[in-house]
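Numbering of ligands and ligand atoms starts at 1, following listing order.
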Amino acid sequence: SLTSVPTGDLAGRRVVVSAGGTREPLDPVRFLGNASSGRQGIAVAEAARDRGADVHLLAAHVEVPLPDGVRTTRVGTAAELHAAVLDAVAAADVLVMAAAVADFRPDAVATTKIKKSADDDGAPVLRLVRTVDVLGAVSHARPHPGLLVVGFAAETGDETGDVRSHAERKLRAKGCDLLVVNDVSGGAVFGSEDNRVVVLAPGPDDGPAVEVAATGTLAKRAVAEAVLDAVVHT
Ligand code: CTP
Ligand code: CA
């Protein structure tokens, strides 16, 4: 029989992509979540598949259909995503962390549904604790030397700096090889069909970051192709 051999500029490369928003449970029926649709990460997974890569998608909560032809592992929490990433990167050439990972989770998960009490109007106070920074942990641990690590960052300018300066700081702090930066000042990225990004790489001699790519406003699939072009050329 005929076996199809993948062609394309990512043929033979093993690409792990995380996508969607993690959900951190409060009790058996409630969670803290976020507005990520998973569209951008899934577009990266589809684009990598179509360029010949062997893709493993780690899907948190997503609002779009999961792609065909892509091995997919579902995850719920940041901790589950962390475990899945550690497992998957052992046999990967590229990690793309497009997931919107919760920064905080409830410090305890109630084993039974949290009830309103009958005799007062009180409300519970939630105590949150930090989750693992999956991207930072993998970038700094470097599980094997061949792994290229790509992070995403959604930034707004504020009184402490503009989008670019926040992004440069995040690139250094995370220690990843490429950082895909979204300016979310206008609001409409989460759930949108389009995106606009700048891709940064660490500069030589600890100098300013290098701008590897800058897209206009494009469909998320076209942004995904630009991110993968940067991967291929790194
Ligand atoms: N990320 C991660 N684990 C976390 C939080 C974020 O792996 N617990 C990853 C995201 O998948 C993304 C990158 O880190 O690739 C940047 O996420 P972002 O939320 O922009 O940055 P944070 O480091 O969480 O900083 P902050 O939210 O305070 O800006
Ligand atoms: Ca965050």
I'd like to know if [Y] and [X] are part of one continuous hydrophobic network [Ile/Leu/Val/Met/Phe/Trp/Tyr, side-chain heavy atoms within less than 4.5 Å].
X    : Y    : value
V96  : V181 : no
L178 : V180 : yes
V64  : L57  : yes
V227 : L200 : no

Looking only at protein heavy atoms, which one is nearest to [atom], and how far off is it?
atom                    : answer
atom 10 (C) of ligand 1 : A99 O, 3.5 Å
atom 3 (N) of ligand 1  : V134 N, 3.1 Å
atom 8 (N) of ligand 1  : V132 O, 2.8 Å
atom 13 (C) of ligand 1 : F152 O, 2.9 Å
atom 15 (O) of ligand 1 : M97 O, 2.7 Å

From the candidates K170, H166, K174, the one that places a heavy atom nearest atom 23 (O) of ligand 1: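 The residue whose heavy atom sits nearest atom 23 (O) of ligand 1 is K174.
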
Close-contact set for ligand 1 against G151 heavy atoms, below 4.0 Å: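 It comes down to these atoms of ligand 1: 15 (O).
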
For ligand 1, does [X] get within less than 4.0 Å through its side chain, its backbone, both, or neither, judged by non-hydrogen atoms?
X    : value
D103 : side chain
T131 : side chain
A154 : backbone

Backbone of V232 reached by a side-chain donor or acceptor of R13 within 3.5 Å: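 Absent.
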
Note, L66 side chain near R74 side chain (heavy atom, < 4.5 Å):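 Yes, close enough: below the 4.5 Å cut-off.
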
K220 vs E46 side-chain heavy atoms within contact, under 4.5 Å: no

Salt bridge flag under 4.0 Å for residues K174 and D133: yes

Under 3.5 Å: N/O of L135 near N/O of ligand 1: yes

Distance-only N or O hit between ligand 1 and A100, under 3.5 Å: no

Passing option when V16 is tested against D54, V138, V149, L58 for side chain to side chain contact (heavy atoms under 4.5 Å, CB included):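 Of all the options given, the one that passes is L58.
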
Side chain to side chain contact (heavy atoms under 4.5 Å, CB included) partner of N195, the single match among N182, T217, V184: N182

Which N, O or S atom of D103 lies nearest to the Ca ion (ligand 2), by name: OD2

Test item, A153 contacting ligand 1 (heavy atom, 4.0 angstrom): yes

Ligand 1 contact by A102, heavy-atom criterion under 4.0 angstrom: yes

